[in-house]
Amino acid sequence: MTLPETVRLSPGPEDWAYTFGGRAPLTTVQPGSIVELTTEDCFGGKVRGVDDLPSRVCVFPYLNPVTGPIAVAGAEPGDVLAVHFVEITPARDRGFSSTFPHFGALTATRQTAMLHPALEERVWVYDLDVAAGLCHFRARNSDFAVALPLDPMHGTVGVAPAAGEVLASITPGAHGGNLDTPEMRAGTTAYFGVNVDGALLAIGDGHARQGEGEVCGTAVEAAMRTTVIVDLVKGGGPAWPRLESDDHLISTGSARPLEDAFRISQHDLVGWTADLLGLDQLDAYQLVSQAGLAPAANVCDTNYTMAAKLPKSVLGRVRAYDGLHERLRATAAAYLRHR
């Protein structure tokens with residue numbers, strides 16, 4: 001197999017973006033290109049120990065930097081941008097997590113006003129052992145410690161919104177953005193509807209691992225070295241970001257309240273299933289109801305995100321996007337063998 005062009009992108013702080021939309025591309029790539037890139041953690045690398053409270057060392061709105069945007073030649077509104085994650089590897093041997101006074105699923109926020117005191121702001125340091133595939137949790141107020149499996153993923157992946165809109169990188173929506181789903185790991189293909197010429201892809205917010213829901217508001221935040229394959233399907237752009245793994249089709253929905261995010265993701269999966277299998281809406285609804293899964297992605301961001309998953313085993317020989325995921329997986333395997 002002849003490998004596609006490889007593009008390398010390693011921006012410095014002066015080139016980081018903090019929004020989707022409103023920025024010129026850092027580079028333009030051809031459909032099918034392999035892109036090797038680096039990303040900084042959500043703290044911009046400023047949290048380096050337990051005494052580096054984010055409220056002291058970080059400056060709002062300069063949180064959650066993303067690498068990009070990357071323009072894709074020939075991408076037009078209504079197309080599908082496919083982003084296949086080949087590798088996601090922590091760039092340093094430490095990751096960081098924190099609690100915040102007014103951010104997270106189990107604390108008072110601006111939208112959920114309470115009279116009780118805010119949570120303590122506290123930082124946890126995780127030692128990352130990439131060779132062993134481990135992420136080490138240590139309690140701050142006891143001797144408890146446990147090694148957790150590394151499961152690197154990207155919390156923030158998306159394209160420019162439509163109609164010239166500019167959205168902060170911490171906000172998930174129909175353009176993607178800060179979806180914070182653990183499903184966005186190596187081996188997964190993400191599909192985004194293109195809203196502007198070039199699509200303007202950006203990626204950031206690496207997590208060494210994250211539980212479903214990102215309950216405390218942060219994962220094990222880590223800088224990453226990441227390789228993706230970027231491809232393009234003309235027409236047929238989905239209304240909401242979709243993902244495909246080897247085993248599942250996954251639809252996402254982002255909104256508040258949480259049940260509306262759930263409804264969006266389920267609605268998209270029902271429609272996707274109906275289109276693929278030639279079913280009427282209620283037959284697809286019935287199938288998804290009995291075979292689907294519904295993991296929470298995030299229940300802490302400016303919008304909440306839910307995922308809806310359908311096992312690909314129910315599709316038989318039918319393949320989404322004419323088998324694009326499988327073709328990108330083959331290219332990824334060839335890249336890993338020959339690099």
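- For the pair Glu87 and Arg339, the salt-bridge criterion is met [side-chain N within less than 4.0 Å of a carboxylate O].
- Within the hydrophobic cluster formed by Ile, Leu, Val, Met, Phe, Trp and Tyr side chains joined at under 4.5 Å, directly or through other members, Leu200 is accompanied by Val196.
- For the pair Asp301 (side chain) and Tyr304 (backbone), a donor-acceptor distance under 3.5 Å is absent.
- Side-chain contact between Arg329 and His84: present, with at least one pair of heavy atoms (C-beta onward) separated by less than 4.5 Å.
- At distances below 3.5 Å, not a single donor-acceptor pair connects side-chain atoms of Ser254 with backbone N or O atoms of Asn303.
- Here the closest non-hydrogen pair linking Leu26 and Pro11 is CD1-CB, 4.2 Å.
- Across Val50 and Leu53, no two heavy atoms sit closer than the pair O-CD2, 4.1 Å.
- In Gln281, the CD atom is not crowded: 12 or fewer heavy atoms of neighbouring residues, nucleotides or ligands sit closer than 6.0 Å.
- With sequence neighbours left out, the side-chain hydrogen bond (donor to acceptor under 3.5 Å, both in side chains) criterion links Glu76 to Lys234.
- Remark: His267 NE2 is loosely packed, at most 12 non-hydrogen atoms of other residues, nucleotides or ligands lying under 6.0 Å away.
- Applying the side-chain hydrogen bond (donor to acceptor under 3.5 Å, both in side chains) rule to Thr302 yields the partners Thr171; only residues at least two apart in sequence or on another chain are considered.
- The side-chain contact (heavy atoms from CB on, under 4.5 Å) check on Ala174 picks up Trp240, with sequence neighbours excluded.
- Of all heavy-atom pairs between Ser265 and Met306, the closest is CB-O, 3.6 Å.
- Between the side chain of Ser289 and the backbone N or O of Tyr285 there is at least one donor-acceptor pair closer than 3.5 Å.
- From Thr6, atom OG1 reaches atom CD1 of Ile229 across 9.0 Å, with rounding to the nearest 0.5 Å.
- In this structure Glu221 satisfies the side-chain hydrogen bond (donor to acceptor under 3.5 Å, both in side chains) test together with His207, sequence neighbours excluded.
- In this structure Pro182 satisfies the side-chain contact (heavy atoms from CB on, under 4.5 Å) test together with Arg185, Gln210, Glu212, sequence neighbours excluded.
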As a quick check of understanding, evaluate side chain to side chain contact (heavy atoms under 4.5 Å, CB included) for Asp205 and Asp180, giving each step before the final call.
CA-CA 9 Å; Asp205 192 24; Asp180 282 323; 3.0 Å; yes
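- Few gaps surround CG on Asp280; more than 12 heavy atoms of other groups in view lie less than 6.0 Å from it.
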Could you walk me through whether Val83 and Phe192 pass the side chain to side chain contact (heavy atoms under 4.5 Å, CB included) test, one step at a time?
CA-CA 8 Å; Val83 182; Phe192 301 93; 4.2 Å; yes
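- Of all non-hydrogen atoms in Phe96 and Val47, the two that sit nearest each other are CE1-O, 3.3 Å.
- Contacts of Arg48 classified as side-chain contact (heavy atoms from CB on, under 4.5 Å), with partners at least two apart in sequence or in another chain: Asp52.
- Pairs passing the side-chain hydrogen bond (donor to acceptor under 3.5 Å, both in side chains) check and including a residue from residues 54-69, sequence neighbours excluded, read Ser55-Glu121, Asn64-Thr156.
- For Glu40 and Lys46, the salt-bridge test fails: no basic side-chain N is under 4.0 Å from an acidic carboxylate O.
- Asp151 places no side-chain N or O within donor-acceptor distance of the main-chain N or O of Arg209, the cut-off being under 3.5 Å.
- Within the 3.5 Å criterion, the main-chain N or O of Ser10 finds no donor-acceptor partner in the side chain of Thr38.
- Residues forming a side-chain contact (heavy atoms from CB on, under 4.5 Å) with Val29 (at least two apart in sequence, or on another chain): Val7, Thr27, Ser33, Val35, Ile70, Val72.
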Step by step, work out the side chain to side chain contact (heavy atoms under 4.5 Å, CB included) result for Arg92 and Asp41.
CA-CA 10 Å; Arg92 295 191 281 267; Asp41 67 32; 4.0 Å; yes
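- Here the side chain of Glu244 pairs no donor or acceptor atom with the backbone of Thr189 at under 3.5 angstrom.
- Side-chain contact check for Cys135 versus Leu128: some heavy-atom pair is nearer than 4.5 Å.
- Using the six-membered ring where Trp is involved, Trp272 and Tyr191 have ring planes that are perpendicular, over 60° apart on the 30 and 60° scheme.
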If you apply the rule side chain to side chain contact (heavy atoms under 4.5 Å, CB included), what do you find for Val66 with Thr39, and how did you get there?
CA-CA 7 Å; Val66 290; Thr39 65; over 6 Å; no
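- In this structure Phe262 satisfies the ring-ring contact (aromatic ring centres under 6.0 Å, His included) test with no other residue, sequence neighbours excluded.
- Note on residues 128-138: pairs passing side-chain hydrogen bond (donor to acceptor under 3.5 Å, both in side chains), not counting sequence neighbours, are Asp127-Arg138.
- Heavy atoms only, all atoms of each residue included: Ile170 and Pro172 are closest at O-CD, 3.5 Å.
- Between the side chain of His338 and the main chain of Ala334, a donor-acceptor pair closer than 3.5 Å is present.
- Looking only at distances, a side-chain donor or acceptor of Asp79 sits under 3.5 Å from a matching main-chain atom of Gly235.
- In this structure, the side chain of Thr181 does not engage the main chain of Met184 through any donor-acceptor pair within 3.5 Å.
- Among all heavy-atom pairs drawn from Gly104 and Thr109, the shortest one is O-CG2, 4.0 Å.
- For Ser97, the side-chain hydrogen bond (donor to acceptor under 3.5 Å, both in side chains) criterion is met by Thr218, not counting sequence neighbours.
- Between Leu119 and Leu106, the closest side-chain pair of non-hydrogen atoms is not below 4.5 Å.
- A distance-only check finds a donor-acceptor pair linking the side chain of Arg140 to the backbone of Val123 [under 3.5 Å].
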